[in-house]
Structure formats: C-alpha cells, structure tokens
Amino acid sequence: MINRALKVIRQFHEMKQVELAEKLDISKSYLSEIESGKKPISLELLNKYSNTFEIPVSSLIFFSENIGKGTLSSSKFKKVVASKIVNVMEWFVSKHEKSIET
C-alpha cells in the first residue's frame, strides 16, 4: 500500500520519476520498482521522501501500518482508511492532470 501512496504523493507534486530519483539519490528504475511494489522501501529512503515533500515519516508509514495483518479491528480500520485516502489522492491527481491537458 505504501508504494501507491508514495507514487501519488510524487504525482500530486507534479514530479517525474527521474526528478524524484535524482532528489532521493537513487536510480529511476529503483524508484519505479518501489512505486510498483516490487521493492520494499527502507526507513532511510522514507526519511528522504519526508524531507523532499515535507511530510512526516509517520504520515507516510500510516499508509502501510498493519496492512495484511488484519488481526485487530483497528488495523482493519486503518487499512480501509488508508486505502480510501490513497484513492481520493489518485482521483485528485487524475482530475488535476485532465485539467492541465485542456
């Protein structure tokens, strides 16, 4: 789930993968693998995201906290809320991109 959130945050800031990869001091292909969920993200890289976008690491972690465990009702709630927030952010980015094209 955090991979989707990180991608949407980048898109929301109208930044291309190559630009962000440069700021994070990683390759574009590595960033692409993180955003697609193929590679995990380290705490060090989360700190770099946090600094780049001025978003607390705790907010970034919120999106992935307890996902997949589903053992507590609170973790199920967090998963649903995180998913809804990401969906709204993706919708916003999509609408914003369409308004730029027209």
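From K38, atom NZ reaches atom CD of E33 across 6.5 Å, with rounding to the nearest 0.5 Å. Going from atom OG1 of T52 over to atom CE of M15 covers 7.0 Å, rounded to the nearest 0.5 Å. The CG atom of L6 sits 4.5 Å away from atom CD1 of I41, with the distance rounded to the nearest 0.5 Å.
Residue pairs meeting the side chain to side chain donor-acceptor pair (under 3.5 Å) criterion with at least one member in residues 17-32, sequence neighbours excluded: Q17-K28, Q17-E35, S27-S29.
Scanning for side-chain contact (heavy atoms from CB on, under 4.5 Å) contacts around N47 gives L43, V57, with sequence neighbours left out. For E44, the side-chain contact (heavy atoms from CB on, under 4.5 Å) partners are S42, K48, not counting sequence neighbours.
L46 and F12 fall within the same hydrophobic cluster, where Ile, Leu, Val, Met, Phe, Trp and Tyr residues are linked whenever their side-chain heavy atoms come under 4.5 Å apart, directly or through other members.
Residues Y49 and I55 form no side-chain contact, since every pair of their non-hydrogen atoms from C-beta on lies 4.5 Å or further apart. Using a 4.5 Å heavy-atom cutoff, the side chains of I2 and I34 are not in contact.
The minimum heavy-atom distance linking R10 with F53 is given by the pair CA-CZ, 4.0 Å.
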